[in-house]
Engineer: 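This is the structure I have questions about; it appears just below.
Positions are given from 1 along the sequence.
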Amino acid sequence: MLLLLACLAALAAGPVLYLLVDRAHLAVRILDGLVMLSVATLVLLGILPDAVHELGWLAYPLLVTGVLGPTVLEHSLMRLQHSAHRIVLILVALAIGLHKFTDGLALALPVGPVEHGIHVLPLAVVLHQIPAGIVTWWLLVPAYGRRVAVGS
């Protein structure tokens with residue numbers, strides 16, 4: 001239950017941070033860099049070794065898909081018409097929902113290495129809720145408003 005509350009608090013921090021730094025471009029670049037560094041560190045040091053242990057070589061194409069997928073999607077969105085953009089945005093919101101479901105599974109079933117008495121995967125899930133909250137807010141507020149973003 002404590003992990004769930006920590007996860008919700010971290011997720012709620014995303015919109016707050018988004019609103020605080022929306023107009024401060026330097027702060028956005030710094031925050032973006034810190035988020036990218038922290039996510040990369042968590043993935044490379046905390047999640048990838050376990051994924052390689054469990055999945056073998058299949059973990060590497062999945063890693064590449066996870067890294068390149070959002071970039072390819074972003075470039076595709078820029079070229080699409082407004083209506084197609086909305087359809088893709090809905091699909092992205094559904095994918096985010098599925099991702100959040102799997103995050104919940106990771107919180108409910110803590111597995112993997114324990115370092116200093118802490119399961120690494122649930123900690124990674126909690127910490128990555130901050131950038132997840134920022135991205136969710138960034139994607140949904142301009143297209144659908146705050147109500148939909150809060151509801152997601």
Side-chain angles (χ1 to χ4, degrees), residues 1-52 54-55 59-60 62-78 85-86 88-152:
M1 185 64 154
L2 182 60
L3 281 173
L4 177 61
L5 292 175
C7 207
L8 291 173
L11 186 61
V16 173
L17 288 171
Y18 175 85
L19 293 173
L20 289 175
V21 299
D22 188 36
R23 293 188 181 99
H25 298 293
L26 177 61
V28 170
R29 287 196 305 257
I30 291 170
L31 182 62
D32 189 39
L34 289 173
V35 166
M36 295 300 261
L37 180 65
S38 65
V39 169
T41 302
L42 284 170
V43 168
L44 292 175
L45 299 179
I47 297 172
L48 186 60
D50 290 337
V52 170
E54 294 293 325
L55 300 175
Y60 294 108
L62 292 173
L63 173 69
V64 170
T65 301
V67 170
L68 295 180
T71 303
V72 170
L73 183 62
E74 180 183 3
H75 289 292
S76 297
L77 289 175
M78 289 181 190
H85 174 78
R86 287 197 182 272
V88 171
L89 200 54
I90 290 169
L91 292 174
V92 167
L94 290 173
I96 289 171
L98 178 62
H99 183 96
K100 289 180 180 182
F101 174 75
T102 58
D103 285 348
L105 290 176
L107 292 176
L109 305 169
V111 295
V114 177
E115 294 182 20
H116 306 292
I118 299 173
H119 286 278
V120 176
L121 182 59
L123 177 63
V125 168
V126 169
L127 291 177
H128 104 278
Q129 293 305 311
I130 295 170
I134 293 170
V135 168
T136 301
W137 202 255
W138 175 71
L139 285 173
L140 296 180
V141 169
Y144 299 105
R146 291 180 183 197
R147 249 187 221 156
V148 171
V150 168
S152 71

Engineer: Looking only at non-hydrogen atoms, find the nearest pair between L48 and A59 and report the distance.
Structural biologist: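 Closest heavy-atom pair between L48 and A59: CD1-CB, 4.4 Å.
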
Engineer: Side chain to side chain contact (heavy atoms under 4.5 Å, CB included) with Q129: which of V126, V125, L127?
Structural biologist: V125

Engineer: Would you give me the side-chain donor-acceptor pairs under 3.5 Å for residues 35-47, sequence neighbours excluded?
Structural biologist:
unit_1	atom_1	unit_2	atom_2	d
S38	OG	L34	O	3.1
S38	OG	V35	O	3.0
T41	OG1	L37	O	2.7

